[in-house]
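Take a look at the structure set out below.
Note that the coordinates shown come from a computational prediction; the quantities given were computed from them, not determined experimentally.
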Amino acid sequence: MAYTEKRGDYYRARYKDAAGKYPAVKDELGAVVKFRTEREAKRAAEDAEAAVRAAVREAALKKTAPPSSEVVLPPTFGEYVARWFAGQEGELATSTLDNYRGHIEAHLLPEFLPVPMPDIDEAAVKGWEAKERAAGYPPTSVQTYRSILHLILEDAIEEGAHPGPNPAKRKRNRGRRSGRSRARGPEKAVVDALGALLVAERAAILSGRDDEFVMVLLMAYTGMRWGEVTGLETRHVRDEAIVIEHQLYQLNSGRLDRCPPKDDSYRTIDCPRWLRSLIREHLAQAPPDQCACHGHRYVFRSGFTVPTTRITRAQVAAVAGVSAGTVSRVTTGGQVSTDTRRRVEEAHAQLLAERGGSEYGAHWCRKAFRASVFAPAASGWYPRRGTSDPARPVCVLPDPWPGVVVKGRYSASKAEACWTPIEARLTPHGLRHSHKTMMEDLGTAKVLMDERMGHEDGSVSARYSHITDSMRLRLLTGLTGMWEAALDARAAMCSTSPVAALDRLLRDRAARHETKIISRNSPHLQEIRTLIPQQIASDLGKFQRGEISRSSYFMKSPPVQYFDDEALANVEKFIKGEVER
């Protein structure tokens, strides 16, 4: 008779075989199956015993020898996935394994954990996918979960754990005209050079320092990924370029893993001169220390401050001469006497002064950077953080432009304006798309774009394409032109900025554009008119003798507004050879 056997935190299923013995139920690999509940083990034991009896009856009818006493049951999805995932360790990157683990535990195991592998058919997969869509998950996310299920079932079919064909395989549209567009994700939001500059300025205002200004511009003008920017080490910032050797990938546990860049896209990215100057000034103003978690010096640090030592309520209570409960009532707004409240506040201020201040965290968290800095800068709204903290606009005081952010309780009543969106759907990865769009706009060769983006083109035509120095020079010149045009457009909005780095750039740009204007009534005008003909005669003589080229002559010639019509006509005739000097 079939029975169950409890072993620690699981159950074994025992059944009577043809020889009268009671072996345990095993899977196709010969391993004893461990059941989570007694009910599952009991059912498996009874099914195995029924299979033995049916085999014995069939053998008796055919007058053949009794079958083997071992009955092998197919593994469940949970059992197979546990073995499959263990076999992937060491084969896949840590980031990929972390993504697989999160998707499997959150979306596949709740549906298929106790289901035997042969029972996972097309109807089961369609039903699961309908539940995922009904739960509100985006179509692109559901497509990712189904791709992982397809990968698992493909390996199961090869090992014989699933009879096949693969039920998670997507069929073609069979003539449906709208089939491909149903799974299409939204278009990625991008910005131009001016938009990237405005987002960088707002990010620096929100963080209260210039670091985020340089970081956003670096992503926009190099196409670096988020992990590559946060994992950029100071030793990889060279005089003419930036070397991509590592990235910091944030696992689901919150730990930052220092690993190779995505798809092993090691590369060297040429940087415009103005961007290299910004990075050097940033490193000079805030020299980085060695990271405690990795032991390296990184270019960018987190914008959140971390206290060097923690102040506890017991410490405040000991200094103030009260109990810890009294300190708790003071901090939470409870009822205490005025003298007690004063003593607690003075004790806290004393410990705060003795604590040694605070320091910036080692690395930015992707979610924290996007929620507190990037999304408000790009969209003008703080994103929603749970039901108790809905989305709200960034409230500012308008002077100095583009505004001083008002934070804290009742900020809306204290502010006078709100930021308008630059690009509401822009993400940090959208800056990478923006950089590709800039290069397309400049007519950059595809082979150079692939090198900067870290992409690999395996086509035959790509094997015969090569990068030249003139390609790099044209690209850097074009990016510099976009940057200068963005600076001029930003200066037209306001000639100053509350961000120190941008304010310095605007002032330098204005100084280079500044020209000396002489009034028609100036007392020096007659002197200038007297000197200009002498300079014209000297330059014409040098040009006639071949001492200077034609281009040099026109570059050295005085401003045209000082020439009268007759002088201009004589110069043109001289150039054409119609008159002598």
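Under the 4.0 Å criterion applied to side-chain N and carboxylate O atoms, Arg504 and Asp508 are not assigned as salt-bridge partners. A salt bridge links Lys446 to Asp450: one of the charged nitrogens lies within less than 4.0 Å of a carboxylate oxygen. For the pair Glu245 and Arg235, the salt-bridge criterion is not met [side-chain N within less than 4.0 Å of a carboxylate O]. For the pair Arg170 and Glu129, the salt-bridge criterion is met [side-chain N within less than 4.0 Å of a carboxylate O]. Looking at Arg146 and Glu132, no side-chain N of the basic residue comes within less than 4.0 Å of a carboxylate O on the acidic one, giving no salt bridge.
Looking at heavy atoms from C-beta onward, Trp128 lies out of side-chain contact with Arg133 at the 4.5 angstrom threshold. Looking only at side-chain heavy atoms (C-beta outward), Leu426 and Ser379 stay at 4.5 Å or farther from each other. The shortest distance between side-chain heavy atoms of Leu113 and Val81 does not fall below 4.5 Å. Within the 4.5 Å cutoff, no side-chain heavy atoms of Asp270 are placed close to those of Leu475. For the pair Asp441/Thr437, no side-chain contact is recorded, criterion being any heavy-atom separation below 4.5 Å from C-beta on. Taking the side chain as every heavy atom from C-beta outward, Pro288 and Val299 never approach each other to under 4.5 Å. Taking 4.5 Å as the limit, some side-chain heavy atom of Pro498 sits within range of a side-chain heavy atom of Ile205.
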Derivation of the ring-ring contact (aromatic ring centres under 6.0 Å, His included) call for His435 and Tyr221: CA-CA 6 Å; His435 181 64; Tyr221 282 90; 7.3 Å; no

Dump the intermediate steps for side chain to side chain donor-acceptor pair (under 3.5 Å) on Asp263 and Ser265, then the final yes or no. CA-CA 5 Å; Asp263 298 331; Ser265 54; over 6 Å; no

Can His296 and Arg258 be said to form a side chain to side chain contact (heavy atoms under 4.5 Å, CB included), step by step? CA-CA 10 Å; His296 298 279; Arg258 182 174 178 266; 3.5 Å; yes

ring-ring contact (aromatic ring centres under 6.0 Å, His included) between His282 and Phe300: does it pass, once the steps are laid out? CA-CA 9 Å; His282 161 68; Phe300 300 106; 5.2 Å; yes

Leu278 and Leu505: side chain to side chain contact (heavy atoms under 4.5 Å, CB included), yes or no, with the steps? CA-CA 10 Å; Leu278 275 178; Leu505 291 170; 4.1 Å; yes

Side chain to side chain contact (heavy atoms under 4.5 Å, CB included), that's the test. Do Tyr100 and Leu92 meet it? Break it down for me. CA-CA 10 Å; Tyr100 281 2; Leu92 301 177; 3.6 Å; yes

Given Tyr80 and Asp155, is the side chain to side chain contact (heavy atoms under 4.5 Å, CB included) satisfied, shown in steps? CA-CA 10 Å; Tyr80 180 78; Asp155 291 348; 3.5 Å; yes

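Atom CG in Asp469 sits 8.5 Å away from atom CG in Leu473 (nearest 0.5 Å).
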Review item, side-chain donor-acceptor pairs of residues 392-405, under 3.5 Å, at least two apart:
unit_1: Arg392; atom_1: NH1; unit_2: Asp389; atom_2: OD1; d: 3.2

Please report, to 0.1 Å, the donor-acceptor pairs under 3.5 Å made by any side chain of residues 366-378, with sequence neighbours excluded.
unit_1: Ser372; atom_1: OG; unit_2: Ala368; atom_2: O; d: 2.5

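Judged purely by atom type and a 3.5 angstrom limit, Ser434 uses its side chain to pair as donor or acceptor with the backbone of Gly430. Formation of a donor-acceptor pair under 3.5 Å by the Ser495 side chain with backbone atoms of Ala491 is not found in this model. Between the side chain of Lys262 and the main chain of Gly227, no donor-acceptor pair closer than 3.5 Å is present. Of the possible polar contacts, none joining the Arg273 side chain to the Leu476 backbone as a donor-acceptor pair under 3.5 Å is found. Panel note: side chain Asp210, backbone Phe213; no donor-acceptor pair is recorded below 3.5 Å. Arg432 places a side-chain N or O within 3.5 Å of a backbone atom of Met453 that can act as its donor or acceptor partner. Although no hydrogens or angles enter the test, the distance criterion places a donor-acceptor pair under 3.5 Å between the side chain of Asn166 and the main chain of His150. Checked by atom type and distance alone, the side chain of Arg490 pairs as donor or acceptor with a backbone atom of Cys494 at under 3.5 Å.
Among the candidates Asp257, Asn99, Asp98, the single residue satisfying the side chain to side chain donor-acceptor pair (under 3.5 Å) test with Tyr249 is Asn99. Each of His363, Glu233, His246 was scored for a side chain to side chain contact (heavy atoms under 4.5 Å, CB included) with His294, with one residue passing: His363.
The side-chain hydrogen bond (donor to acceptor under 3.5 Å, both in side chains) test applied to Arg474 returns no partner, not counting sequence neighbours.
Side chains of Trp364 and Glu212: a donor on one and an acceptor on the other come within 3.5 Å.
Taking the six-membered ring where the residue is Trp, His107 and His103 present tilted rings, their angle falling between 30° and 60°.
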